[in-house]
Amino acid sequence: MTEENKEFIDAYIFMTYENMLKTLEKGRLKVLFPEECNDPFEFMSAPPTKLPDGYTSFDNNYLRKEYGFLSFSKTYKSPTMWAHYADNHKGCCVHFRFPALPEQNSQCRILAPQTNPSYEYRRLLIEHEGDHFFPIQNAETKEITNYVILWNVLYQKERAKFDGILSGYTVYGNQAEFRINYVFCTKDESWGYEQEQRIIIPTLFPTEVEDNLIFVRGFNPYIKSVMLGMHCPYSEGLTQSLINAFTLGEKNGTKITYSSKKCDCISVSRVKPTSNTFEVISDEHEDFLKFLNEKGK
């Protein structure tokens, strides 16, 4: 599988209006740690127990200290997501459009693969700052390639067991298959409405820290649009002006000058209820997606 198979995927992050402006002004994303999430079982394996192969699974508390993640959703249409993560519909949803290879289906061969479910992931054709979860060195050239993998979260009833092995990969000709321990991407079935996808970020040696928070750069160039919630008190016009100032303008004191073209603007719209379901929708965003798909970008 090569970059000739490149396609584009849409991913979404819900946040408050204020955090959206900070994200665009600073050009970075905040890394989430398991302890600060609303699910206390993040990165928490089942208690150590005997595995089918006779070995004993390990405790994985150190993972919660050494790894964080970026969390995306496959959809912007869920009113529950807007309520839980976008300030009760007063916030926003930020739309990312990533170049990626087609979705791959894999299975963890670390823990009894015959009994474990398969999972899906995509290799994103991007690179972020700082340490990567999959830095792979070519055996011949010694060149290191940093792979960014977007994992679909698995929703199931039982917590995953941990055998101490974080990940693995296998190369078949020009195709690489990646594997990750289920602990990183398994949640209870009750969280299924989130339709979550995540990127695991090593955090021991962060490249950017502010106010006791860790940030990562490299993802903001793929922001294509911002949608306002139904109860967001700020207008689309004001929001568009602020976003343009933060992303296209060059500030000198109170004066802002622009050198980028208008077509580089991040699109702004507002969601509304659908006509006959409990989902929300932005007609402008749907038209924008159609335009991007037609243009192949």
Side-chain angles (χ1 to χ4, degrees), residues 11-44 61-73 76 81-96 98 124 126-133 146 148 150 153 184 187 194 196-229 231-234 238-256 266 268:
Y12 302 90
I13 297 181
F14 296 84
M15 59 183 72
T16 66
Y17 189 89
E18 292 74 16
N19 283 343
M20 177 273 294
L21 293 180
K22 289 179 183 178
T23 294
L24 295 175
E25 181 180 18
K26 301 285 189 177
R28 63 193 187 186
L29 292 178
K30 177 182 175 296
V31 177
L32 297 172
F33 278 86
E35 292 86 351
E36 63 185 292
C37 295
N38 53 8
D39 179 6
F41 293 99
E42 291 287 6
F43 292 13
M44 185 183 293
N61 284 335
Y62 78 94
L63 297 185
R64 297 166 63 85
K65 302 174 184 177
E66 298 180 9
Y67 295 92
F69 63 100
L70 300 178
S71 175
F72 302 87
S73 177
Y76 74 92
M81 293 290 284
W82 282 93
H84 289 177
Y85 300 109
D87 196 16
N88 200 23
H89 298 269
K90 296 190 291 290
C92 331
C93 181
V94 179
H95 163 227
F96 296 77
F98 295 121
L124 302 185
I126 67 174
E127 189 168 331
H128 62 76
E129 290 186 0
D131 290 341
H132 285 65
F133 195 81
N146 292 314
V148 179
L150 182 68
V153 169
F184 284 111
K187 292 172 69 74
E194 293 185 341
E196 186 183 358
Q197 300 174 298
R198 55 178 54 170
I199 297 171
I200 308 303
I201 305 289
T203 56
L204 270 183
F205 303 100
T207 56
E208 191 161 350
V209 177
E210 184 177 336
D211 295 330
N212 298 323
L213 300 174
I214 291 178
F215 300 90
V216 63
R217 294 181 182 271
F219 296 95
N220 279 40
Y222 303 96
I223 295 176
K224 297 298 182 182
S225 60
V226 170
M227 285 165 281
L228 306 180
H231 301 320
C232 182
Y234 304 98
L238 171 62
T239 304
Q240 186 72 73
S241 297
L242 294 174
I243 290 177
N244 289 348
F246 292 145
T247 59
L248 301 178
E250 297 180 8
K251 193 171 183 180
N252 183 8
T254 58
K255 186 177 180 180
I256 301 175
I266 293 173
V268 177

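Numbers here simply count residues along the sequence, with the first being 1. Scope of the values below: all heavy atoms of this structure, side chains included, with no hydrogens, waters or symmetry mates.
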_Would you say the rings of Y67 and F43 are close, in the sense that their centroids are separated by under 6.0 Å?_
no
*Look up atom CG in L228 and atom CE in M20, then write down how far apart they are to the nearest 0.5 Å.*
6.5 Å
*Candidates V216, I200, V148 - the one meeting side chain to side chain contact (heavy atoms under 4.5 Å, CB included) with L70*: V216
*Is there side-chain contact between E35 and E42, with at least one heavy-atom pair below 4.5 Å?*
no
_If you compare all heavy atoms of E18 against all heavy atoms of Y234, which two are closest, and at what distance to 0.1 Å?_
OE2-OH, 4.1 Å
_Are more than 12 heavy atoms, taken from residues, nucleotides or ligands other than K22, located less than 6.0 Å from that residue's NZ atom?_
no
*asked:* Check this for me, if you would: do E36 and K30 make a salt bridge, where the nitrogen-to-carboxylate-oxygen distance has to be below 4.0 angstrom?
replied: yes
*State whether the side chain of H132 and the backbone N or O of G130 hold a donor-acceptor pair below 3.5 Å, judged by distance alone.*
yes
*In chain order, what residues pass the side-chain contact (heavy atoms from CB on, under 4.5 Å) check against S71, with sequence neighbours excluded?*
L32, F69, E196
_Could you report the tightest heavy-atom contact between A86 and C92, atom names first, then the distance?_
CB-O, 3.7 Å
*Output the distance between atom CD (E208) and atom CD (E129), rounded to the nearest 0.5 Å.*
7.0 Å
*So do the side chains of T207 and R217 get within less than 4.5 Å of each other, counting heavy atoms only?*
no
*asked:* Are the side chains of T203 and V31 in contact, using a 4.5 Å heavy-atom criterion?
replied: yes
*Are any of the side-chain heavy atoms of F96 and L29 separated by less than 4.5 Å?*
yes
_If I compare all heavy atoms of E210 with all of F215, which pair ends up nearest, and what's the gap?_
O-CE1, 3.8 Å
*Of the non-hydrogen atoms in F33 and K65, which two are nearest, and what is the gap between them?*
CE2-O, 4.2 Å
*For residues F72 and I199, determine if any side-chain heavy atom of one lies less than 4.5 Å from a side-chain heavy atom of the other.*
yes
*Does the side chain of F219 reach to within under 4.5 Å of the side chain of H128, using non-hydrogen atoms?*
yes
_Parallel, tilted or perpendicular: which one describes the rings of Y12 and H95, with boundaries at 30° and 60°?_
parallel
_Does any part of the side chain of M15, heavy atoms only, come nearer than 4.5 Å to the side chain of V94, both counted from C-beta?_
yes
*Taking S73 for the side chain and E194 for the main chain, is one N or O donor matched with an acceptor at less than 3.5 Å?*
yes
*Between the main-chain N or O of Y76 and the side-chain N or O of W82, is there a donor-acceptor pair closer than 3.5 Å?*
yes
*asked:* Parallel, tilted or perpendicular: which one describes the rings of F184 and F133, with boundaries at 30° and 60°?
replied: perpendicular
*Do L24 and I266 come within less than 4.5 Å of each other through their side chains, counting heavy atoms only?*
yes
